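Written out below as structure tokens is the structure these notes cover.
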Protein chains: 2
Amino acid sequence: MEWGLVPAVGSAANPYSRESVVRYTQSTEWALDSLFFIAAHGDRQDFSVEEIAKAQQVSPSYLAKIFQQLTKAGILRSHRGAKGGYSLGRLPEQITLLDVATVCEGSIPLYDCNAPAKSCSLGAKCLILSTFREAERRMQETLNGVTLQDLVESMRRNMSQATWLGVEGAPAGRPAEASAPARKN
Amino acid sequence: MEWGLVPAVGSAANPYSRESVVRYTQSTEWALDSLFFIAAHGDRQDFSVEEIAKAQQVSPSYLAKIFQQLTKAGILRSHRGAKGGYSLGRLPEQITLLDVATVCEGSIPLYDCNAPAKSCSLGAKCLILSTFREAERRMQETLNGVTLQDLVESMRRNMSQATWLGVEGAPAGRPAEASAPARKN
DNA sequence: CTATTACGGATAATTGGTGTCCTGATTCTC
DNA sequence: GAGAATCAGGACACCAATTATCCGTAATAG
Ligand code: SF4
Ligand code: SF4
């Protein structure tokens, strides 16, 4: 650690100092917390956007958009109509943080250069580009190593009683409201 | 490689698909190429913003702002007045890609949650947060492993004759325009 | 003194994430 | 079949941050 050799130019007086640019957006955060929420409820199904948005205290209309993206990507599975809603598109242990982040953020080229616009003939041999590509690779590798299942297990280990977004730190077996329908807000 | 389990939701029709959000800004690119440019010229000093902007075909006025930031961070050293300009603030082997990126992008918290606004009591125990923090750490570690000196050496190895931004692939010794003054555009 | 160059504030332009709304399609319940 | 619930998706407004420009000031070489 301690790469902080640089004085961290973040003085409020200067509009040219960025606060945090290389950064995952709110969308990813909402998506992850939502999926975590769903996964933490065991095999309950058909969560409405309304319910999940309320649990996180975020905008339902925007969260709906995110869910549509996740559905198209196969991470969520939608069920239209009355009593419909969203469920996980595959098993929690088959959904990694990188999967979710990729959907919300796009293909994530961490760094890219407008070489064509410049008189630069380095191209593929450029150490700048290859270094950033390697940095991106390691970052993705890390995110790819953690699944929704890991999140749930970690939560169960760390907080047997506390609550998270209305989810009781349920015993390993099955969460509060069991499998089937009969969802009451 | 091949984490691409996700269909990469990037259809142009959908405004909710981001193209590239987690991404270093143009500022970082300009900064790196500028510093590379300076370092590649050996111990020549006092490069004017005008000259470097012209070599990269970018806006001089904006590049000037970036240089000011780099100067405040100690990566560049400025010299006012006629025949003034910018030089490296320390040796090329003491300036890493992370140093530059940090100045241009800020402190870079890759991921953060509005926990206070939510009913989430995981806090420091959250596996989401710790995973992203680890991802960020590895990314920075990679960027911190490459210096301007590495860039120059890599370029010299890879392109003995080709040109980059007007810099001849000079022999190891000393670049085209030698040490001292007498800069003619 | 004069030309040159960096410094830094003010401000405009542009892009992209965020958020809302409305119409339509689907499916459950009665 | 009627009606309610819920997702799908397009259109659009909003806002924040990056990008870009301009101008007056300060410093320095000659
Ligand atoms: S030096 Fe590398 S990053 Fe810069 S323009 Fe050339 S290829 Fe792109
Ligand atoms: S689960 Fe983790 S990321 Fe989500 S609100 Fe709680 S602490 Fe933050």
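Chain identifiers are assigned alphabetically (A, B, ...) following the order of the sequence lines, protein sequences preceding nucleic acid strands; residue numbering begins at 1 within each chain. In this text the structure is predicted, and so the values were computed from the model without any measurement.
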Which atoms of nucleotides 28-30 of chain C (N or O only) lie under 3.5 Å from a protein N or O atom, and what are those distances?
from: C:dC28; atom 1: O4'; to: A:Ala82; atom 2: O; distance (Å): 3.3

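- Judged as a side-chain hydrogen bond (donor to acceptor under 3.5 Å, both in side chains), and not counting sequence neighbours, A:Ser130 has no contacts.
- Residues B:Gly74 and B:Arg90 come closest through the heavy atom pair O-NH1, 3.8 Å.
- Summarising the geometry, the separation between NZ on B:Lys65 and C1' on C:dC7 is reported as 8 Å, rounded to the nearest angstrom.
- The shortest non-hydrogen separation linking B:Ala135 to A:Thr142 is N-CG2, 3.7 Å.
- The distance between atom CD of B:Gln45 and atom P of D:dA29, rounded to the nearest whole Å, is 13 Å.
- A sub-4.0 Å separation between OP1 or OP2 of D:dT21 and a side-chain N or O of B:Ser59 is present.
- You'll find that the side chain of B:Ser48 is closest to C:dT5, out of D:dA11, C:dT5, D:dC7.
- Residue A:Glu50 is out of contact with every strand shown, counting any heavy-atom pair closer than 4.0 Å.
- Not one N or O on the side chain of B:Thr147 forms a donor-acceptor pair closer than 3.5 Å with the backbone of B:Gln94.
- Checked by distance alone, B:Lys72 brings no side-chain donor or acceptor within 3.5 Å of a matching partner on the base of C:dG8.
- Taking B:Glu93 as the reference, nothing meets the side-chain hydrogen bond (donor to acceptor under 3.5 Å, both in side chains) condition, with sequence neighbours excluded.
- Regarding B:Glu51, its CD atom lies at a distance of 14 Å from the C1' atom of C:dT4, rounded to whole Å.
- Put simply, B:Thr25 has no side-chain N or O that comes within less than 4.0 Å of OP1 or OP2 on D:dA17.
- As rounded to whole Å, 12 Å separates atom P of D:dA8 from atom CZ of A:Arg77.
- Phosphate proximity of D:dA8 to A:Tyr86: present, with a side-chain N or O under 4.0 Å from OP1 or OP2.
- In this structure, B:Asp46 atom CG and D:dT28 atom C1' are separated by 11 Å, rounded to whole Å.
- Remark: A:Gln68 is not in phosphate contact with D:dG10, judged by side-chain N or O atoms under 4.0 Å from OP1 or OP2.
- In this model, the phosphate group of D:dG9 is not approached by any side-chain N or O of A:Gln69 to a distance below 4.0 Å at OP1 or OP2.
- Between the P atom of C:dC7 and the CG atom of B:Leu70 lies a distance of 11 Å, rounded to the nearest Å.
- Rounded to an integer number of Å, the gap from A:Arg23 CZ to D:dA16 P is 15 Å.
- For B:Ser27 and D:dT18, the shortest distance from a side-chain N or O to OP1 or OP2 is not below 4.0 Å.
- A straight line from CG of B:Leu76 to P of C:dT5 spans 17 Å, rounded to a whole angstrom.
- A:Glu29 contributes no side-chain N or O that, together with a main-chain N or O of B:Tyr111, makes up a donor-acceptor pair within less than 3.5 Å.
- Remark on DNA chain D: of its neighbouring residues A:Ser78 and B:Ser61, the 5'-side contact belongs to A:Ser78, judged by nearest-heavy-atom nucleotide.
- Minimum atom distance to the side chain of B:Tyr62 is reached by D:dT18, of the listed D:dT18, C:dC7, C:dG19.
- The side chain to side chain donor-acceptor pair (under 3.5 Å) with B:Arg138 is formed by just one residue from the set B:Gln140, B:Glu134, B:Glu136; it is B:Glu134.
- Applying the side-chain contact (heavy atoms from CB on, under 4.5 Å) test between B:Val146 and each of B:Thr96, B:Leu151, B:Ile95 identifies B:Leu151 as the sole match.
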